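Right, one structure below, let's go through it.
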Amino acid sequence: MKKRALISVFDKGGILEFSKYLVNKNIEIISTGGTYKYLKENNIPVIEISDITKFPEMLDGRVKTLHPNIHGGILAIRNNQNHMDIIKEHNIHPIDFVVVNLYPFFDKVQDNSLSFEQKVEFIDIGGPTMLRAAAKNFQDVVVICDKNDYKEVQQHLESGEVSLETKKKLAGKVFNLMSAYDGAISQFMLEEENYQQYWSTSLKMKQPLRYGENPHQSACFYESTMKKGAMNTFEILNGKELSYNNFKDVDIAWKAVSDFGEPACCALKHNTPCGFAIGKDAYDCYKKAHGVDQTSIFGGIVSFNRKVTKNVAEEMHKIFLEVIAAPEYDEDALQVLKTKKNLRVLKFHTKPICKHQVISVDGGLLVQSVDDILEQELKVVTNKQPSSQEKQDLLFAMKVVKWVKSNAIVVAKDGVALGIGGGQVNRIWPTEDALKRGKGGTVLASDAFFPFRDVVDACAKAGIQAIIQPGGSLKDQESIDACNEHNISMIFTNVRHFKH
């Protein structure tokens with residue numbers, strides 16, 4: 001009995017060559033609609049699926065391969081005599097190769113020109129069913145879901161049979177694909193649900209990375225098959241590929257400047273801002289942000305939410321930076337930046353779109369919504385009211401503090417984060433750090449409430465005129481009384497911004 005291959009592919013790349021090879025190996029080919037027509041037009045001997053099922057394709061092609069004559073041929077275990085007797089009794093021919101790739105749901109679900117109903121039509125049913133059946137019976141069936149595996153299978157057939165180890169690997173690739181494919185469909189159907197019973201993800205490896213946080217750690221970047229976000233659509237205009245740490249840093253730097261409607265610049269090091277400023281343009285913002293901490297910015301990341309012009313590029317050229325991120329660049333600015341061959345210059349096309357943040361823990365995932373609410377209620381709780389300028393600076397500082405590791409403190413004046421303190425295990429230490437670095441600053445923001453009045457007392461000694469914090473401590477009144485004693489205004493926001 002001749003061996004038989006079932007071929008049904010949306011992506012027809014490489015299928016002609018592979019089909020010709022199978023025919024030369026005396027393997028019969030059966031096929032469906034579009035694939036059958038394509039092979040027939042290219043003079044490949046092929047049997048139409050309806051000749052096997054004795055049923056025509058129906059329901060606009062939704063039903064083609066869902067038939068015992070197909071799945072019996074795929075699922076029959078060859079060394080199970082009962083199985084073989086049953087398919088013989090029903091004149092079912094075994095199928096030894098299943099070559100299927102799926103409707104391009106990953107691509108179509110991101111196509112905003114398509115309606116919901118049109119996208120639903122790209123949910124493949126027959127293809128996954130055949131693949132899963134063949135993968136389950138991998139000891140007897142060679143299953144191929146990736147056109148890049150055609151050559152490997154050919155190489156095995158040249159020397160005899162496809163090994164059991166290779167069959168198992170190919171079957172594993174099927175279930176790996178199915179998990180992502182089904183995950184994408186699940187997300188698509190449940191897009192209004194924040195937390196489904198099963199957390200489905202659909203990610204595809206975009207690139208391996210040289211290493212992780214440290215050279216002895218391996219790493220890869222997986223991109224969403226569903227969403228075109230900032231970190232899977234940027235262009236590298238200059239320099240080498242990003243490292244694991246670069247990806248993490250750029251993600252935060254880009255999100256931070258995207259929080260602002262006015263021109264903004266973020267200088268970032270080790271996943272936390274070391275300089276931040278708003279201003280009239282990118283040049284003004286960079287000069288201010290660079291001036292905040294000229295030591296830490298060395299070897300760091302700089303991001304903008306405005307076009308980088310030549311004068312900005314010339315300023316940045318003076319120091320060593322790892323990455324520059326912006327939505328646009330003037331051509332003469334690029335010429336300046338490209339003189340440093342290793343400097344990564346990134347052009348971003350998309351603002352942050354994530355609704356959730358996910359972090360792995362041993363044995364599971366922690367999932368939370370993004371921190372996208374700055375304040376719920378601005379309430380002045382002191383006798384003194386902040387001035388209009390102080391209020392602007394307070395809100396600016398609170399936007400910056402969101403991106404600083406807890407416990408986080410930002411001292412600011414005139415749209416510049418002059419002092420940034422964070423990542424400490426109590427609140428007074430980052431306060432002292434931020435006040436020391438931010439001399440001349442007039443306002444202070446805190447990501448969480450003050451457990452004691454010590455922060456206010458330190459602010460008074462440093463000349464701070466206004467404070468913004470969430471409030472909510474049992475000892476809030478102590479801090480309020482301290483502000484009144486020192487003639488400092490204070491606003492509560494009722495929203496905490498821990499960043500762990």
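Sequence positions, counted from 1, serve as the residue numbers for this chain. FYI, side chains are in, hydrogens and waters are out, and symmetry mates aren't considered; it's all heavy atoms of this structure. What you see is a predicted model, and the numbers here were worked out from it, not measured in a lab.
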* Asked: For atom CZ of F106, is the number of surrounding heavy atoms from other residues, nucleotides or ligands below 6.0 Å larger than 12?
  -> yes
Ionic contact status for D481 with R453, cut-off 4.0 Å: no
> For residues S479 and D476, is any side-chain donor paired with an opposing acceptor at under 3.5 Å?
Replying inline: no
| Considering residues, nucleotides and ligands other than K384, do more than 12 of their heavy atoms fall under 6.0 Å from its NZ? | yes
Angle class for the W254/F348 ring planes (parallel below 30°, perpendicular above 60°, tilted otherwise)?
parallel
Taking NZ, NE, NH1 and NH2 as the nitrogens, is one of them in K413 or D393 under 4.0 Å from a carboxylate oxygen of the other? no
Between D371 and K255, does a salt bridge (charged side-chain N to carboxylate O under 4.0 Å, His left out) hold up when you go through it step by step?
CA-CA 11 Å; D371 182 5; K255 285 174 178 174; over 6 Å; no
Test side chain to side chain contact (heavy atoms under 4.5 Å, CB included), reference D124, set Y181, F10, F105, output is Y181
Residues C459 and I467: closest non-hydrogen pair is SG-CD1, 3.9 Å
Does either side chain, that of R344 or that of N238, offer a donor lying less than 3.5 Å from an acceptor on the other one?
no
Charged tip of K206 within 45° of Y222 ring normal and under 6.0 Å | no
Can you tell me if N101 uses its side chain to pair, donor with acceptor, with the backbone of D11 under 3.5 Å?
yes
Measure centre to centre between the rings of Y244 and F221, then say whether the value is under 6.0 Å.
no
Is any side-chain heavy atom of E375 closer than 4.5 Å to a side-chain heavy atom of L378? yes
Review point. Is the NZ atom of K119 crowded by more than 12 outside heavy atoms at less than 6.0 Å?
Key: yes
- Consider only side-chain N and O atoms of Q368 and H356, and report whether a donor and an acceptor are under 3.5 Å apart. no
* Asked: Do K436 and D433 come within less than 4.5 Å of each other through their side chains, counting heavy atoms only?
  -> no
Side-chain heavy-atom pair F276, V416 within 4.5 angstrom cut-off:
no
If we ignore angles and hydrogens, is there a donor and acceptor under 3.5 Å between the side chains of H270 and N245?
-> no
Is it the case that the side chains of N137 and Q139 hold a donor-acceptor pair, with the cut-off being a distance below 3.5 Å and no angle test?
yes
Legend entry - Q424 (side chain) donor-acceptor with G421 (main chain) under 3.5 angstrom: no
task: Say whether Q217 and N214, considering side chains only, have a donor N or O and an acceptor N or O under 3.5 Å apart.
output: yes
(message) Ring-plane angle category for F122 and Y103, please: parallel below 30°, perpendicular beyond 60°, tilted otherwise.
(response) perpendicular
Side chains of R427 and S446 only: does a donor on one sit below 3.5 Å from an acceptor on the other?
yes
Margin query: Looking only at side-chain N and O atoms, does N311 offer a donor or acceptor that is under 3.5 Å from a partner on E315?
Written below: no
Point to revise | Polar contact flag, side-chain donor to acceptor under 3.5 angstrom, K227-Q187 | key: no
Can you see whether S406 engages D447 through a side-chain donor-acceptor pair at a distance of less than 3.5 angstrom?
yes
